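This report concerns only the one structure given below.
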Amino acid sequence: MNETRAESLVVTTFAERPDLLAKVFEPEIQSAMPEFMRHDPTGALYYGDGNLDRYLQYGLVAVDPAAPHRPVARAFSVPFAFPDGARGREALPDGGWDQVIRWGHRDRVAGIPATAISALEIMVAPRLHGRGIAGVMLSALRDNARRLGFAELYAPLRPTDKHREPLTPFAEYAARRRADGLPRW
Ligand SMILES: CC(C)(COP(=O)(O)OP(=O)(O)OC[C@H]1O[C@@H](n2cnc3c(N)ncnc32)[C@H](O)[C@@H]1OP(=O)(O)O)[C@@H](O)C(=O)NCCC(=O)NCCS
């Protein structure tokens, strides 16, 4: 498994591999999640109370073919109606991650057809960080959105290491750049 390469991964939906749904929440992958993210009450509308079973087409899991029962990465997305003037959804929401989960939840309960899709997360097993797996998962999310009939994939961005510096002002942190000009988060 140490030879796991991003190009060799097989990525499928949880509709195809429901047996892996519980496994991607075990420490192998779940340990990559910052503690504060585990206490967001909005998250339960998607991840909790059995709701995740309704989004199996919108969740992806990656495995190395050499170990097909041991997931190495997961990705989730949520569908919702957008733009939707009748519900005051003219622009993407300032509430980001939480708000697209709320929109998706409300639409699902009310039976409103989804017209847009947003990524919610990509999470890679920490032992395999830095091998390009996030890029593979992002492409797979985009391909899955297309397969499901959506023209665009939105994504609320979280500066991934900000939680390690809670006292740094957010604007200062978000302005950091690498030598090549890309964000250093
Ligand atoms: C963020 C995460 C998904 C990256 O996965 P990965 O497979 O290690 O990333 P990759 O190897 O595909 O790197 C992709 C690019 O992102 C960059 N990158 C990765 N982590 C980064 C970070 N914290 N800050 C800035 N750039 C980062 C890499 O340098 C690379 O860019 P490059 O190709 O221009 O050098 C992974 O670290 C992770 O699972 N973190 C915990 C969960 C998380 O924060 N997910 C994202 C928000 S939901």
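Hydrogens, waters and symmetry mates play no part in the numbers below; they use all other heavy atoms, side chains included. For ligands, and for the atoms within them, numbers begin at 1 and follow the listed sequence. Starting from 1, each residue takes its place in the sequence as its number. Every value quoted in this text rests on a predicted model; they were computed, and no experiment measured them.
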Quiz item: Nearest to atom 29 (O) of ligand 1 by heavy atom, Arg184, Gln30, Met137, Arg178: which?
Solution: Arg178
Quiz item: Hey, is NE2 on His69 packed in by over 12 heavy atoms from elsewhere, all under 6.0 Å?
Solution: no
Quiz item: Where is the nearest protein heavy atom to atom 11 (O) of ligand 1: which residue, which atom, and how far?
Solution: Gly132 N, 2.8 Å
Quiz item: Hey, any chance Val109 and Trp103 share a hydrophobic cluster, counting ILVMFWY side chains that come within less than 4.5 Å of each other, even indirectly?
Solution: no
Practice problem: Indicate the atoms forming the closest heavy-atom contact of Ile117 with Glu152, along with that distance. | Solution: CG2-O, 3.3 Å
Exercise. Among all protein heavy atoms, pick out the one at the shortest distance from atom 23 (N) of ligand 1; state its residue, atom name and that distance to 0.1 Å.
Key: Thr160 OG1, 2.8 Å
Quiz item: Do you know the tightest heavy-atom contact between Gln30 and Arg38?
Solution: O-NH2, 3.2 Å
Quiz item: In the protein, what heavy atom is nearest to atom 41 (C) of ligand 1, and what distance, to one decimal place, separates them?
Solution: Ala32 O, 3.2 Å
Quiz prompt | Non-hydrogen protein atom less than 4.0 angstrom from atom 25 (C) of ligand 1 | solution = yes
Quiz item: Looking at atom 20 (N) of ligand 1, is any protein heavy atom nearer than 4.0 Å to it?
Solution: no
Quiz item: Ile133 heavy atoms, cut-off 4.0 Å: which ligand 1 atoms fall inside?
Solution: 7 (O), 12 (O)
Self-check item: Those atoms of ligand 1 less than 4.0 Å from some heavy atom in Trp185
Solution: 22 (C), 23 (N), 24 (N), 25 (C)
Self-check item: Ion pair Asp161/Arg176, N-O distance below 4.0 Å
Solution: no
Quiz item: With a 4.0 Å cut-off, strictly under, does atom 13 (O) of ligand 1 pick up any protein heavy atom?
Solution: no
Quiz prompt | Sub-4.0 Å atoms of ligand 1 with respect to non-hydrogen atoms of Gly135 | solution = 12 (O)
Quiz item: Quick one: is the NZ or CZ of Arg74 closer than 6.0 Å to the six-membered ring centre of Phe25, and within 45° of its axis?
Solution: yes
Practice problem: May I ask whether atom 8 (O) of ligand 1 is less than 4.0 Å from at least one protein heavy atom? | Solution: yes
Quiz item: Of Trp97, Tyr47, Tyr46, which meets side chain to side chain donor-acceptor pair (under 3.5 Å) against Glu121?
Solution: Tyr47
Quiz item: Got a protein heavy atom sitting under 4.0 Å from atom 33 (O) of ligand 1?
Solution: no
Exercise. Find all atoms of ligand 1 within a distance of less than 4.0 Å from any non-hydrogen atom belonging to Glu121, and give their numbers and elements.
Key: 48 (S)
Exercise. Would you check whether Val124 has a nitrogen or oxygen atom less than 3.5 angstrom from a nitrogen or oxygen atom of ligand 1?
Key: yes
Quiz item: Which heavy-atom pair separates Ile101 from Thr42 by the least distance, and what is that distance?
Solution: CG2-O, 3.6 Å
Quiz item: Does atom 4 (C) of ligand 1 have any protein heavy atom closer than 4.0 Å?
Solution: yes
Quiz item: Going by distance only, is there an N or O of Gly130 that falls short of 3.5 Å from an N or O of ligand 1?
Solution: yes
Exercise. List the closest protein heavy-atom neighbour of atom 43 (C) of ligand 1: residue, atom name, distance to the nearest 0.1 Å.
Key: Arg158 NH2, 3.4 Å
Practice problem: Going by heavy-atom distance to atom 45 (N) of ligand 1, choose the closest among Leu182, Leu138, Ile122. | Solution: Ile122
Self-check item: Identity and separation of the nearest protein heavy atom to atom 2 (C) of ligand 1
Solution: Ala134 CB, 4.5 Å
Exercise. Can you see which heavy atom on Pro71 is nearest to which on Lys23, and at what distance?
Key: CG-CB, 3.8 Å
Quiz item: Between Asp161 and ligand 1, which part of the residue brings a heavy atom under 4.0 Å of the ligand: side chain, backbone, both or neither?
Solution: side chain
Quiz item: Any chance the rings of Phe150 and Phe82 have centres within less than 6.0 Å?
Solution: no
Quiz item: Please, which pairs that meet side chain to side chain donor-acceptor pair (under 3.5 Å) have at least one residue in residues 132-141, sequence neighbours excluded?
Solution: none
Self-check item: Heavy-atom pair with the smallest gap, counting every atom of Arg89 and Ala81
Solution: NH1-O, 2.9 Å
Quiz item: Does the protein put any heavy atom within less than 4.0 Å of atom 16 (O) of ligand 1?
Solution: no
Quiz item: Which one of Arg164, Met123, Arg131, Met37 has a non-hydrogen atom at the shortest distance from atom 42 (C) of ligand 1?
Solution: Met123
Quiz item: Which protein non-hydrogen atom lies closest to atom 40 (N) of ligand 1, naming both residue and atom, and how far is it?
Solution: His129 CE1, 3.9 Å
Quiz item: If you take all heavy atoms of Leu141 and Leu60, which pair is closest and at what distance?
Solution: N-CD1, 3.5 Å
Quiz item: Is there a protein heavy atom at a distance of less than 4.0 Å from atom 38 (C) of ligand 1?
Solution: yes
Exercise. For a side-chain contact (heavy atoms from CB on, under 4.5 Å) with Met37, tell me which candidate from His163, Arg158, Met123 qualifies.
Key: Arg158
